[in-house]
Amino acid sequence: MRHRPGRTPVVVPVARHTALLTPEEPDEPRDPTTAPSAANPGYHARHRAAPGPQALSVWVTAQQAGPSQRRGRYVRESVRHPARMLPAIAAHAVESYTDPGDLVFDPMAGIGTTLVEAVHLGRDALGVEYEPRWADIADANLARAHAHGAAGHGAVIRGDATMLAALLPKALHGQVALVVTSPPYGPTVHGLVRPGADGVAKSHNSYNDGTDKGNLAYRDLPGLVDGFTDILRGCARLLRPGGIVVVTARPWRKRGDLVDLPSAVVAAGVAAGLTPIERCIALLAAVRDGHLVARPSFFQLQQVRRARALGVPMHLIAHEDVLVLAKRLQPGSDPEREAAA
């Protein structure tokens with residue numbers, strides 16, 4: 001199954017039933033020496049398209065909860081990152097838009113989710129990460145992937161992704177088949193929660209300690225869009241002709257107002273010279289017998305309950321938007337010259 005520009009998109013059908021029922025779990029990995037490995041062949045099959053003509057623009061990427069997807073596959077410290085992409089989302093993007101041996105890039109690599117899933121699928125992967133502590137964890141996760149037999153090669157570069165042209169060698173221009181990434185949602189997110197005698201304690205819910213504002217998470221929306229445009233402009237130079245960019249994003253509410261981040265991402269991509277080609281949905285909820293089973297955080301659940309008590313028909317978050325853009329050649333252009341530009 002491959003998505004290619006200029007062809008009818010092939011997308012994932014929603015499973016009518018699955019036996020992979022897993023209980024809700026706290027978002028922290030168990031001891032990998034006692035937990036079952038997530039590197040078994042069945043892992044990749046749990047959210048793949050079934051044979052047949054039925055297709056929807058829905059990626060069924062949460063049949064297992066996030067902790068179950070990461071268990072045994074990522075180091076324990078991975079839980080400390082405040083905004084982790086579901087491994088199944090990254091894996092589906094890599095499998096759908098690339099072939100073995102292709103180069104995959106993530107300009108905001110975090111703990112290396114895109115890179116880990118890419119090397120497990122036989123692709124090479126390169127990431128850039130601004131904060132050294134996450135880059136160190138990404139290195140550890142890549143080392144674990146290679147120890148588990150991943151065929152691809154991966155590496156993480158420390159630096160500011162808004163300056164990719166200065167950060168990466170020109171030899172990489174025109175070499176990347178796929179970019180997979182996600183912008184930050186702000187300086188603080190839900191993080192992890194633990195109930196205690198004094199109420200609920202929050203942890204691992206912010207980027208760095210708040211003193212370094214270089215992270216895009218500390219910018220307002222216009223500043224975030226400007227920075228993300230710079231990142232996508234750099235990615236466009238790295239992409240080969242026909243290369244794909246996959247960005248996951250979702251709107252959020254700030255003081256009751258809806259912040260439409262997905263539309264802002266599309267605008268940033270267009271400003272960077274990329275062409276929007278698809279808009280899909282990556283489920284954050286499981287599909288059980290034709291129904292969605294939400295996997296909300298404690299604070300999401302609390303917010304929805306309060307809103308409904310006030311008569312506001314708010315619903316739990318069940319998906320992220322998947323914005324798919326492509327690098328397309330202009331008529332009469334030279335692919336080699338564009339790659340070298």
Side-chain angles (χ1 to χ4, degrees), residues 1-7 9-12 44 47-49 57 59 61 85-129 138 141-142 145 150-157 161 164 168 171-183 228 231-249 265-266 268-270 272-282 320-329 335 338-339:
M1 177 181 62
R2 295 287 179 267
H3 300 253
R4 294 288 183 258
R7 298 176 61 182
V10 180
V11 287
V12 179
H44 296 300
H47 63 276
R48 293 292 170 259
S57 57
W59 298 6
T61 46
M85 181 185 292
L86 280 179
I89 293 178
H92 178 73
V94 170
E95 242 184 348
S96 298
Y97 296 98
T98 65
D99 296 305
D102 282 345
L103 178 60
V104 178
F105 179 64
D106 188 342
M108 292 179 283
I111 61 170
T113 302
T114 296
L115 315 184
V116 168
E117 299 309 314
V119 299
H120 271 297
L121 290 166
R123 282 71 165 171
D124 293 332
L126 178 66
V128 169
E129 174 51 41
N141 283 326
L142 282 170
H153 299 89
V156 184
I157 295 174
L164 289 178
L168 300 178
L172 285 173
H173 288 195
Q175 302 302 308
V176 172
L178 173 68
V179 173
V180 181
T181 198
S182 181
F228 198 60
I231 291 173
L232 292 181
R233 192 173 287 119
C235 290
R237 294 190 185 97
L238 298 174
L239 284 171
R240 68 190 185 191
I244 299 293
V245 175
V246 171
V247 182
T248 66
V265 166
V266 172
V270 171
L274 300 167
T275 302
I277 58 171
E278 295 181 59
R279 188 163 182 164
C280 302
I281 283 174
E320 288 192 349
D321 285 37
V322 181
L323 299 316
V324 185
L325 307 102
K327 178 180 181 178
R328 287 188 170 169
L329 288 173
E338 286 224 352

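Everything numeric in this text was worked out from a predicted model, so none of it was measured.
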Checklist entry - Can you list the steps and then say if L126 with H153 is a side-chain contact (heavy atoms from CB on, under 4.5 Å)? => result CA-CA 8 Å; L126 178 66; H153 299 89; over 6 Å; no
Please tell me if the side chains of [X] and [Y] come closer than 4.5 Å, counting only heavy atoms from C-beta onward.
X    : Y    : answer
I277 : R328 : yes
V176 : C235 : no
L172 : L103 : yes
H173 : L238 : yes
V104 : L115 : no
L239 : L274 : yes
L178 : V246 : yes
V324 : P276 : no

Can you see which heavy atom on [X] is nearest to which on [Y], and at what distance?
X    : Y    : value
A118 : A125 : CB-CB, 3.9 Å
S182 : V247 : CA-CG1, 4.5 Å
A150 : V119 : CB-O, 3.5 Å
P183 : M108 : CA-CE, 4.0 Å
I231 : A161 : CG1-O, 3.5 Å
T114 : A90  : CA-CB, 4.0 Å

Hey, does the side chain of [X] reach the backbone of [Y] with a donor-acceptor pair shorter than 3.5 angstrom?
X    : Y    : value
K327 : G243 : no
D106 : V128 : no
N141 : G112 : no

Item to check | Chi angles and distances behind the side-chain contact (heavy atoms from CB on, under 4.5 Å) call for L325, I244 | outcome: CA-CA 6 Å; L325 307 102; I244 299 293; over 6 Å; no
Could you measure the distance from the [atom1] atom of [X] to the [atom2] atom of [Y]? Nearest 0.5 Å is fine.
X    : Y    : atom1 : atom2 : value
E117 : I89  : CD    : CD1   : 11.0 Å
T248 : I281 : OG1   : CD1   : 13.0 Å
T61  : E320 : OG1   : CD    : 8.5 Å
E129 : I157 : CD    : CD1   : 12.0 Å

Item to check | Distance-only polar pair, side chains of R123 and T98, donor-acceptor under 3.5 Å | outcome: yes
Next on the checklist: Does Y97 form a side-chain contact (heavy atoms from CB on, under 4.5 Å) with E278? I'd like the steps, not just the answer.
Outcome noted: CA-CA 12 Å; Y97 296 98; E278 295 181 59; 3.4 Å; yes
Item to check | side-chain contact (heavy atoms from CB on, under 4.5 Å) between F105 and V245, intermediate numbers included | outcome: CA-CA 9 Å; F105 179 64; V245 175; over 6 Å; no
